[in-house]
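Only one structure is covered here, and it is reproduced in the block below.
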Amino acid sequence: MDKLLEIKDLKVSFFTHAGEVKAVGGISYDIGHGEIMGIVGESGSGKSVEAYTIIGLLQSPGKVVGGEVIFEGENILDYTPEQMEEFRGNKVSMIFQNPMTCLNPVYTIGNQLTEALLCHKKMEKKVAWDKAIEMLELVGINNPDKRMKQYPHELSGGMRQRVMIAMGLICDPMLLIADEPTTALDVTIQAQILELIRKLQKERQMSVIFITHNLGVVAEVCDKVSVMYAGKIVEQGTVDDIFYNPSHPYTLGLMRSMPRVDAKEYERLIPIEGNPVDMLNPPEGCGFGARCEYCMNICLRKEPPTIDLGNGHRSSCWLLASKLAGEANHE
Ligand SMILES: Nc1ncnc2c1ncn2[C@@H]1O[C@H](COP(=O)(O)OP(=O)(O)OP(=O)(O)O)[C@@H](O)[C@H]1O
Ligand SMILES: [Mg+2]
């Protein structure tokens with residue numbers, strides 16, 4: 001499959017008064033045309049910072065300190081602000097974690113939905129207005145004519161989320177980044193919105209980066225998964241690799257903390273013990289070491305190598321490295 005996006009050893013830090021927060025500490029992955037990549041990991045693991053970087057909206061004191069973001073063969077980190085604006089309007093868009101960070105309270109929904117079409121697609125006002133109404137219908141908003149003239153605060157949370165999805169899709173992006181697009185919604189609306197994103201993705205052969213805490217959603221929607229912990233991708237692979245053949249202890253922990261329909265009656269959910277890493281003072285070695293039930297001495301001293309398990313399945317863990325070395329010695 002052709003690559004649309006390649007992220008190579010991307011590093012992003014925040015330079016705060018207290019020191020450097022290494023929010024993204026060197027991540028790499030690629031996404032093909034029409035592919036959906038899920039990004040999972042607990043709060044603070046760097047998912048949103050990474051997304052903001054890809055779309056060129058990283059705010060100060062955040063800075064890219066290394067790596068490349070290659071989109072259709074060009075490193076977008078080298079783009080001028082004008083090129084970046086053009087890129088955002090035409091090629092990539094994002095559904096934000098919080099609708100209010102994206103919807104402007106003082107403009108009507110219609111104004112905000114048509115803006116991109118008027119600026120980037122140079123559409124006539126009437127054409128843009130009709131297209132926006134069509135988009136609102138597509139995301140399941142009743143009475144779109146009326147909604148176009150309303151302000152964000154006049155809409156319910158679920159409706160605002162749908163408006164954001166409409167905004168994300170209206171310019172026909174090649175890549176959609178959806179950052180927890182359904183977190184604030186109740187379960188039935190969540191399911192409808194996921195269904196919608198999937199349907200549109202199929203129809204338009206769009207690529208999607210889907211950021212979520214919810215592994216059930218990943219299993220349902222994604223082709224590939226990157227599991228993030230403390231600013232790093234600790235394991236990545238296809239949905240089948242990650243769900244049926246997980247190899248990193250953190251991924252295993254995530255799986256055990258997730259409810260499953262095929263669980264036996266007596267099986268309990270097991271939370272991952274311990275606290276997330278303090279990104280201002282990250283530990284030596286493996287970020288997950290202190291919480292890992294298989295932790296060895298080396299894990300607390302040296303960063304683990306990334307082991308290639310074949311077909312894009314990769315995992316960064318000393319346990320796996322030593323197991324493989326053991327097997328090699330036996331041969
Ligand atoms: N403006 C900022 N200044 C300093 N540190 C920041 C800033 N924004 C984010 N960070 C830090 O970057 C790290 C990653 O944050 P990020 O928002 O990407 O997490 P996340 O994985 O999206 O979490 P969540 O699941 O809660 O949305 C965190 O340690 C956070 O404290
Ligand atoms: Mg986030």
Side-chain angles (χ1 to χ4, degrees), residues 7 9-29 37-67 69 77 92-103 157 160-161 164-165 168 175-185 190 193-194 197 208-218 221-222 225-236 242 248 250-251 253-254 257-258 271-272 274-283 286-291 316:
I7 301 200
D9 202 21
L10 181 67
K11 296 183 177 144
V12 183
S13 290
F14 288 90
F15 293 89
T16 68
H17 293 303
E20 180 182 354
V21 179
K22 292 183 177 167
V24 175
I27 60 170
S28 304
Y29 63 82
M37 163 72 93
I39 299 193
V40 295
E42 64 193 0
S43 196
S45 55
K47 305 181 299 293
S48 295
V49 169
E50 177 210 333
Y52 278 109
T53 308
I54 298 173
I55 197 167
L57 291 177
L58 183 66
Q59 302 274 327
S60 173
K63 253 185 113 166
V64 175
V65 290
V69 178
L77 299 177
V92 59
S93 66
M94 179 157 167
I95 301 172
F96 293 84
Q97 199 164 4
N98 173 2
M100 288 323 251
T101 51
C102 153
L103 295 174
R160 285 200 287 259
Q161 201 95 32
M164 288 238 305
I165 294 173
L175 173 68
L176 175 73
I177 304 176
D179 191 358
E180 302 272 8
T182 59
T183 319
L185 305 175
Q190 266 190 35
I193 293 206
L194 290 179
I197 292 180
V208 182
I209 297 178
F210 204 101
I211 300 173
T212 179
H213 285 107
N214 187 331
L215 282 170
V217 169
V218 170
V221 190
C222 302
V225 191
S226 292
V227 180
M228 281 190 78
Y229 188 84
K232 305 238 163 80
I233 293 178
V234 293
E235 182 165 5
Q236 60 179 300
I242 299 295
H248 196 283
Y250 177 62
T251 317
L254 276 182
S257 62
M258 177 182 84
I272 301 174
N275 295 318
V277 170
D278 171 7
M279 300 300 280
L280 254 178
N281 299 299
C286 172
F288 189 58
R291 296 172 75 182
S316 306

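Nothing here was measured: the structure is a model prediction, and the numbers come from that model. Both counts, for ligands and for their atoms, begin at 1 and track the order of listing.
- Contact annotation: the side chain of Tyr229 never approaches that of Leu254 to less than 4.5 Å [non-hydrogen atoms, C-beta and beyond].
- Rounding to the nearest 0.5 Å places CD1 of Ile177 at 4.5 Å from CD1 of Ile54.
- Interface of Ser43 with ligand 1, defined as ligand atoms under 4.0 Å from a residue heavy atom, comprises 23 (O), 24 (P), 25 (O), 26 (O).
- No donor-acceptor distance shorter than 3.5 angstrom exists from the side chain of Lys11 to the backbone of Lys63, with no hydrogens or angles considered.
- In this structure, atom 27 (O) of ligand 1 lies nearest to the protein heavy atom Gln97 NE2, 2.8 Å.
- For Glu50, no heavy-atom contact with ligand 1 is shorter than 4.0 Å.
- Applying the 4.0 Å criterion to heavy atoms of Met279 picks out, from ligand 1, the atoms 29 (O).
- Among the backbone and side-chain atoms of Ser48, an N/O/S atom is found under 2.8 Å from the Mg ion (ligand 2).
- Nearest heavy atoms, Ile233 versus Ser316: O-OG, 3.9 Å.
- Counting only heavy atoms, the protein gets under 4.0 Å from atom 4 (C) of ligand 1.
- If you number the atoms of ligand 1 from 1 as listed, the ones under 4.0 Å from a heavy atom of Ala23 come out as 12 (O), 13 (C).
- Close approach of ligand 1 to Ser45 is summarised as follows: ligand atoms under 4.0 Å from at least one heavy atom of the residue are 19 (O), 21 (O).
- For atom 18 (O) of ligand 1, the closest non-hydrogen atom on the protein side is Val49 N, 2.9 Å.
- Judged by the shortest distance from any of its heavy atoms, Gly46 lies inside the 4.0 Å radius around the atoms of ligand 1.
- There is no protein heavy atom closer than 4.0 angstrom to atom 31 (O) of ligand 1.
- The aromatic rings of His248 and Phe288 are tilted relative to each other, their planes meeting at an angle between 30° and 60°.
- Each of the following atoms of ligand 1 lies closer than 4.0 Å to a heavy atom of Gly44: 13 (C), 14 (C), 19 (O), 20 (P), 21 (O), 23 (O), 24 (P), 26 (O), 28 (C), 29 (O).
- When non-hydrogen atoms are compared, ligand 1 lies under 4.0 Å from the backbone of Lys47 as well as from its side chain.
- Contacts of Thr16 with ligand 1, taken as heavy-atom pairs under 4.0 Å, involve the side chain alone.
- Summary of contacts: the protein heavy atom closest to atom 17 (O) of ligand 1 is Ser48 CB, 3.8 Å.
- Annotation for Lys47 and Glu42: closest pair NZ-O, 3.2 Å, computed over non-hydrogen atoms.
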